[in-house]
**Q** 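Sharing a structure below in structure tokens format, with a few things to ask.
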There are 2 protein chains.
Amino acid sequence: MKNRELKKAGLKTTQPRTRILQLLESNTDRHLSAEDVYRCLLENGEDVGLATVYRVLTQFEAAGLVTRHYFEGGKLAVFELDQGVHHDHLMCLKCGKIFEFSDDLIEERQKAIAEKLGFEIAGHALYLYGKCRKENCENFK
Amino acid sequence: MKNRELKKAGLKTTQPRTRILQLLESNTDRHLSAEDVYRCLLENGEDVGLATVYRVLTQFEAAGLVTRHYFEGGKLAVFELDQGVHHDHLMCLKCGKIFEFSDDLIEERQKAIAEKLGFEIAGHALYLYGKCRKENCENFK
DNA sequence: ATCAATGCAAAAACTTTGCACTGAT
DNA sequence: ATCAGTGCAAAGTTTTTGCATTGAT
């Protein structure tokens with residue numbers, strides 16, 4: 001099924017691409033940076049280059065397979081497997097955990113606002129930042 | 001009045017800081033990167049270093065005078081003078097122009113969502129991306 | 001066999017830091 | 001006179017690119 005997705009995107013089924021897709025699939029609850037992906041693969045004995053990870057993730061993004069996020073604090077981008085369902089993000093500044101949510105009302109309002117301004121929306125990103133409940137909150141690494 | 005703001009932030013009134021604040025004040029409709037600020041100052045015959053621009057902008061941010069944004073496409077951060085009124089951003093992917101808006105309903109929903117998840121909101125960012133009306137739309141530089 | 005894809009190393013892009021000098025009080 | 005603030009150059013981070021080699025069809 002990975003192969004199918006790659007094929008559909010016009011990408012040859014290579015080892016790095018398959019492995020990266022697998023990794024993202026088994027980490028749908030996390031958002032990984034290119035460096036994260038690279039390290040994970042190395043730890044699993046895969047022999048990839050960081051440049052390839054960047055290239056592959058960029059290709060995946062172009063193919064609509066993954067979404068790239070720039071969270072507050074900017075710097076490194078993180079990637080998330082796109083599972084078809086749109087959602088926004090809520091990030092704990094203390095432990096870095098990311099929660100996802102979706103709100104029809106907000107989506108509607110966004111559309112209305114854009115329309116009023118004569119804008120054709122191509123994408124949008126809503127990030128909330130805060131502190132999650134202590135019980136669930138681990139310390140930021 | 002610039003001096004007052006700087007004093008209030010515990011920052012000495014120096015030439016670079018005053019100039020940068022002035023520049024931001026006369027560009028409230030644009031969002032400038034550190035590089036932008038640097039170039040503008042050089043063009044106006046000011047003799048500043050890029051490092052100083054970064055330092056000053058970071059200090060301004062810490063003092064709550066400016067807000068740093070990481071727009072899609074990430075990479076370079078842009079800065080906006082904080083004029084007290086919260087607002088969200090709508091960016092034209094074609095010409096780079098930024099429109100500001102604010103919607104009470106969206107704000108409310110955000111609060112409600114965070115509350116439901118037991119989250120204490122510290123900040124949030126809503127960015128819409130799209131294409132603005134042709135008539136107003138200049139080409140991206 | 002072919003040509004896309006990879007790994008490595010080098011470069012690029014953006015930002016921060018060290019340090020000796022300058023400037024505001 | 002003092003010590004924060006500055007400019008410059010060097011270093012740090014994250015990401016991209018060039019090129020010879022490898023690998024999928």
**Q** Rounded to whole Å, please give me the gap between CG in B:Leu41 and C1' in D:dT6.
**A**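 Those two atoms, CG and C1', are 14 Å apart.
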**Q** Where the side chain of A:Pro16 is concerned, which of C:dT6, D:dT25, C:dC8 is the nearest nucleotide?
**A**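 Nearest listed nucleotide: C:dT6.
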**Q** Please determine whether any donor N or O and acceptor N or O are separated by less than 3.5 Å between the side chain of A:Arg55 and the base of D:dG18.
**A**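 Such a pair is found, so the answer is yes.
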**Q** Checking contacts here: which listed nucleotide (D:dT6, D:dT15, D:dG18) is nearest the side-chain heavy atoms of A:Ala77?
**A**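 Out of D:dT6, D:dT15, D:dG18, the nucleotide with an atom closest to A:Ala77's side chain is D:dT15.
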**Q** Is the distance from OP1 or OP2 of D:dT15 to the nearest side-chain N or O of A:Tyr54 less than 4.0 Å?
**A**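 Yes, within the criterion.
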**Q** Mind calculating the distance between CG (B:Leu76) and P (C:dA12) to the nearest angstrom?
**A**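 Computing the B:Leu76:CG to C:dA12:P distance gives 18 Å.
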**Q** What nucleic acid atoms does A:Arg17 come within less than 4.0 Å of, heavy atoms only: base, sugar-phosphate, or nothing?
**A**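 Sugar-phosphate: the residue A:Arg17, judged by heavy atoms under 4.0 Å, touches backbone atoms but no base.
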**Q** Could you tell me how far apart A:Leu57 (CG) and D:dT17 (P) are, to the nearest whole angstrom?
**A**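 After rounding, the reported distance stands at 15 Å.
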**Q** Classify the nucleic acid contact of A:Thr14 as base, sugar-phosphate or nothing, counting any heavy atom under 4.0 Å across all strands shown.
**A**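 Answer is sugar-phosphate: A:Thr14 comes under 4.0 Å of backbone atoms only.
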**Q** Nearest-nucleotide wise, let me know which of A:Tyr38 and B:Thr52 is further upstream toward the 5' end of DNA chain C.
**A**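 Between the two, 5'-proximity favours A:Tyr38.
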**Q** Take the protein atom CZ of B:Arg39 and the nucleotide atom P of C:dA13, then report the distance between them rounded to whole Å.
**A**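 Answer to the nearest Å: 13 Å.
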**Q** Hydrogens and angles aside, do A:Glu80 and A:His87 bring a side-chain donor and acceptor to less than 3.5 Å of each other?
**A**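 Indeed, the side chains of A:Glu80 and A:His87 share at least one donor-acceptor pair under 3.5 Å.
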**Q** Separation of B:Glu46 atom CD from D:dG7 atom C1', in whole Å?
**A**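 So the CD-C1' distance, B:Glu46 to D:dG7, works out to 14 Å.
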**Q** Work out which heavy atom in A:His89 is nearest to a heavy atom in A:Phe71; give both atom names and the distance.
**A**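 In terms of heavy atoms, the two residues are closest at CB-CE2, 4.0 Å.
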**Q** Distance check needed: C:dC14 P versus B:Leu32 CG, whole Å only.
**A**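 My rounded result for the distance is 15 Å.
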**Q** Indicate the ring-plane relationship of B:Phe99 and A:Phe119, choosing parallel, tilted or perpendicular according to the 30° and 60° boundaries.
**A**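 Because their plane-to-plane angle is over 60°, the rings of B:Phe99 and A:Phe119 count as perpendicular.
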**Q** Calculate the interatomic distance between A:Phe79 atom CZ and D:dT14 atom P; express it in whole Å.
**A**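 One finds 13 Å between P of D:dT14 and CZ of A:Phe79, rounded.
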**Q** Counting heavy atoms from C-beta on, name the nucleotide in D:dT16, C:dT25, C:dT15 closest to the side chain of B:Leu50.
**A**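 When the side chain of B:Leu50 is considered, C:dT15 is the closest of D:dT16, C:dT25, C:dT15.
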**Q** Rounded off to whole Å, could you give me the CD-to-P distance for the B:Gln59 and C:dT15 pair?
**A**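 Checked: the CD to P distance equals 16 Å.
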**Q** Between A:Asn27 (side chain only) and A:Arg30 (backbone N and O only), is there a donor and an acceptor less than 3.5 Å apart?
**A**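 Pair absent, no side-chain N/O of A:Asn27 close to backbone of A:Arg30.
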**Q** Among the candidates C:dT6, C:dC14, C:dG7, find the nucleotide nearest to the side-chain atoms of A:Val56.
**A**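 The nucleotide sitting nearest to the side chain is C:dT6.
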**Q** Between A:Glu35 and B:Leu11, just flag the one whose closest nucleotide in DNA chain D comes earlier from the 5' side.
**A**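 So the residue in question is B:Leu11.
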**Q** For A:Leu24 and A:Phe79, work out which heavy atoms get closest and say how close.
**A**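 Answer, listing the atom of A:Leu24 first, then A:Phe79: CD2-O, 4.4 Å.
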